[in-house]
Protein chains: 2
Amino acid sequence: MGVTIRDVARSAKVSISTVSRVLNDKCNVSDDKRVRVENAARDLGYIPNPAAQSLHSSRTGSLGILLPFVSGEFYAEFLNGVDKTAQGGDWLLMISTSHNSEEELRAALKGMYRRVDGLLIMAPNITAESVLLQPHDDIPIVFVNTRCEDEAISLITFDNYGGMREMTRHVIAQGHTRIGFIRGPVMAFDAAERERGYRDAHAEAGLAIDERLIVPGNYSQQSGHDGAVRLLGQRERPTAIMASNDDSAIGALSAIREAGLDVPSDVALTGFDDVPSARFTVPPLSTVHVPVRELGARSIQVLMECIQTRRIPDPPHFSMDVEVRVRAST
Amino acid sequence: MGVTIRDVARSAKVSISTVSRVLNDKCNVSDDKRVRVENAARDLGYIPNPAAQSLHSSRTGSLGILLPFVSGEFYAEFLNGVDKTAQGGDWLLMISTSHNSEEELRAALKGMYRRVDGLLIMAPNITAESVLLQPHDDIPIVFVNTRCEDEAISLITFDNYGGMREMTRHVIAQGHTRIGFIRGPVMAFDAAERERGYRDAHAEAGLAIDERLIVPGNYSQQSGHDGAVRLLGQRERPTAIMASNDDSAIGALSAIREAGLDVPSDVALTGFDDVPSARFTVPPLSTVHVPVRELGARSIQVLMECIQTRRIPDPPHFSMDVEVRVRAST
DNA sequence: TAGTTTCATGAAAACCTTTTCATGAACCTG
DNA sequence: CAGGTTCATGAAAAGGTTTTCATGAAACTA
């Protein structure tokens with residue numbers, strides 16, 4: 001079995017209290033013994049048992065990350081920011097994905113009970129308030145990209161609505177009046193916000209929306225492809241297609257080319273997220289840049305601060321800036 | 001603070017031993033008390049403290065996942081398979097990324113000490129043997145896509161060499177003789193294997209390789225773009241470009257189109273991995289299909305079995321099948 | 001020098017479970 | 001009915017750490 005503090009104490013011929021003092025406090029212990037303990041610990045390769053430490057301190061050194069269904073570059077980027085920042089603070093990450101319903105999230109929350117010191121939750125399909133109604137540990141929780149009105153809950157988000165409104169303004173400014181829209185997942189808060197941006201920009205410009213131009217999707221490439229096929233098959237086909245995210249835009253792009261049409265001369269195309277691939281489509285994709293990695297980094301940053309200061313940040317809600325990036329697809 | 005087994009015992013008017021028995025063994029306890037305990041536990045919302053359980057049982061219920069730098073769809077897919085399978089076995093995942101050097105991996109290994117019951121390590125830049133030379137907990141370890149000769153080490157991999165050899169044969173069969181190759185990361189085992197496949201297929205066909213046709217890369221879209229620019233700028237430009245993975249093929253595709261050339265009529269293009277996007281490039285990308293999600297799933301499966309049976313699988317090395325998928329880019 | 005303060009040190013308690021052990025009571029068996 | 005089993009139950013130990021408390025020695029102060 002593993003080497004314990006007892007082994008170190010025996011080897012250094014001191015009591016376990018002294019060993020613990022040397023390894024933690026660093027005060028009130030004679031140089032002689034300190035050196036003996038340090039040597040013994042090193043020679044034996046002693047590492048404190050985290051379970052024992054945690055039992056005593058009720059601190060775990062881990063952060064829980066709860067995500068919805070993970071796919072595509074968005075999450076890889078997000079996790080990158082999360083992990084790098086967490087490692088900087090010497091935290092380990094406990095990650096659990098595929099939580100789309102309240103049910104699943106509740107189970108995950110229970111599974112993480114007492115195993116983590118804080119939680120980062122991205123739950124675009126659910127409201128933050130409903131998550132917190134569940135019985136839960138009173139550890140700090142930071143929500144990301146989740147619907148949340150309550151100012152007592154810490155939230156990091158980005159402007160799904162404004163980004164898509166801005167992008168729609170851009171497309172309208174290009175002279176388009178029949179603009180197709182490929183929706184995101186039905187239950188997703190961010191998808192609804194993006195659609196709202198699309199609609200409001202139309203209203204602003206005094207453009208009526210033909211509801212047939214709004215087709216379903218679920219953020220996947222396949223759904224973007226299918227959505228575009230549907231839009232292009234319409235009698236009076238749109239001159240521009242706005243996809244709810246980059247993945248579905250990439251799918252749409254392939255459908256447009258399959259139909260023998262050119263982007264942007266026949267059909268303009270836009271995405272949302274600005275994943276790395278968006279710069280490498282042909283033509284490069286006009287999209288709404290979301291600082292995904294920074295989003296992950298900042299979320300963890302805030303969570304670490306919540307844990308340290310024992311209270312939620314002020315202001316509790318923070319929104320990252322997004323920015324329209326016009327490339328060759330419009 | 002949290003509700004403990006004592007609280008449940010007090011509330012149910014029994015000893016803590018009885019509570020523990022009801023919640024675990026389920027034997028040798030009267031119906032009367034069983035019901036009382038169950039009700040009390042439910043009403044108080046009791047969840048056993050994992051640290052205390054772990055301290056006693058020296059089991060944690062967590063699996064450690066150590067990955068290299070994570071980016072792109074490959075890892076999102078892999079994690080999908082991993083997480084879904086782990087959840088099925090009621091395990092939590094402790095994930096740590098960005099371990100490319102022995103140094104970093106050693107630190108991560110130390111950080112996970114006694115926090116996990118098993119480890120899944122993907123370390124294409126290092127050998128499995130060198131990782132195990134580090135002092136480490138004697139928990140089961142499964143390596144994925146890592147260089148490893150030792151038959152005493154459990155390994156799941158896929159045929160990087162054979163896949164690329166097969167794909168190269170396909171390209172050669174199309175009549176190409178000047179075939180550019182965009183390398184993966186210098187230290188990466190899988191990248192070296194893929195290059196070896198490229199070379200051996202040439203040798204088989206009696207084709208000499210012009211070393212100028214092999215350019216550096218690092219699996220990123222940007223590096224694929226840059227590599228293609230370099231290849232296309234050569235005096236005698238290649239008629240086909242094989243990228244070491246799909247991401248760099250996507251980058252290369254954009255560079256080819258920027259140069260005003262057509263795929264596949266001017267330049268054929270291939271990738272490796274078959275990430276979801278590969279079907280939605282224009283034209284769709286010929287690539288080597290790797291069952292990435294299954295790879296993740298199987299790896300965790302094997303790890304769970306190692307933990308349960310307390311020994312490594314027989315045979316210890318397992319290779320997933322890959323398959324050339326010819327699409328419109330060749 | 002007597003009294004007080006500082007300081008290094010080890011013993012022991014606490015954190016929360018699970019599991020072993022001991023104790024009776026109720027139940028058999030011959 | 002006496003001796004032996006089974007069985008429900010609670011007390012206590014163990015798991016590895018940190019922290020408090022007690023102890024005694026050494027260092028000060030008046």
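Chain letters run A, B, ... following the sequence lines, proteins first, then strands; residues in each count from 1.
Formation of a donor-acceptor pair under 3.5 Å by the Glu102(B) side chain with backbone atoms of Val131(B) is not found in this model. Looking at Glu104(A), its side chain does come within 3.5 Å of a backbone N or O of Asn100(A) through a donor-acceptor pair. Judged by distance alone, with hydrogens and angles left aside, the side-chain atoms of Asn24(A) form a donor-acceptor pair with the main-chain N or O of Ser20(A) at under 3.5 Å. Looking at Arg115(A), its side chain does come within 3.5 Å of a backbone N or O of Thr60(B) through a donor-acceptor pair.
As rounded to whole Å, 12 Å separates atom P of dC15(C) from atom CZ of Arg114(A). Asn49(B) has its CG atom 13 Å from the C1' atom of dG15(D), to the nearest Å. Distance Arg115(A) CZ to dC16(C) C1': 15 Å, rounded to the nearest Å. Remark: C1' of dG15(D) and CG of Asp7(A) are 13 Å apart, rounded to the nearest angstrom.
Between Asp83(A) and Gln87(A), the side chains place a donor N or O and an acceptor N or O closer than 3.5 Å (distance only, hydrogens not considered).
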Inset, instruction - Treat primed atoms plus P, OP1 and OP2 as sugar-phosphate and everything else as base, then score nucleotides 18-25 of chain D 5' to 3': B for base contact with protein heavy atoms under 4.0 Å, S for sugar-phosphate contact only, - for none. - result: BBB-----

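If Val29(B) and Ala52(B) are placed on DNA chain D by their nearest nucleotide, the residue sitting closer to the 5' end is Val29(B).
Within the structure, the salt bridge (Lys or Arg N to Asp or Glu O under 4.0 Å) test picks out the following pairs touching residues 10-20 of chain B (sequence neighbours left out): Asp7(B)-Arg10(B).
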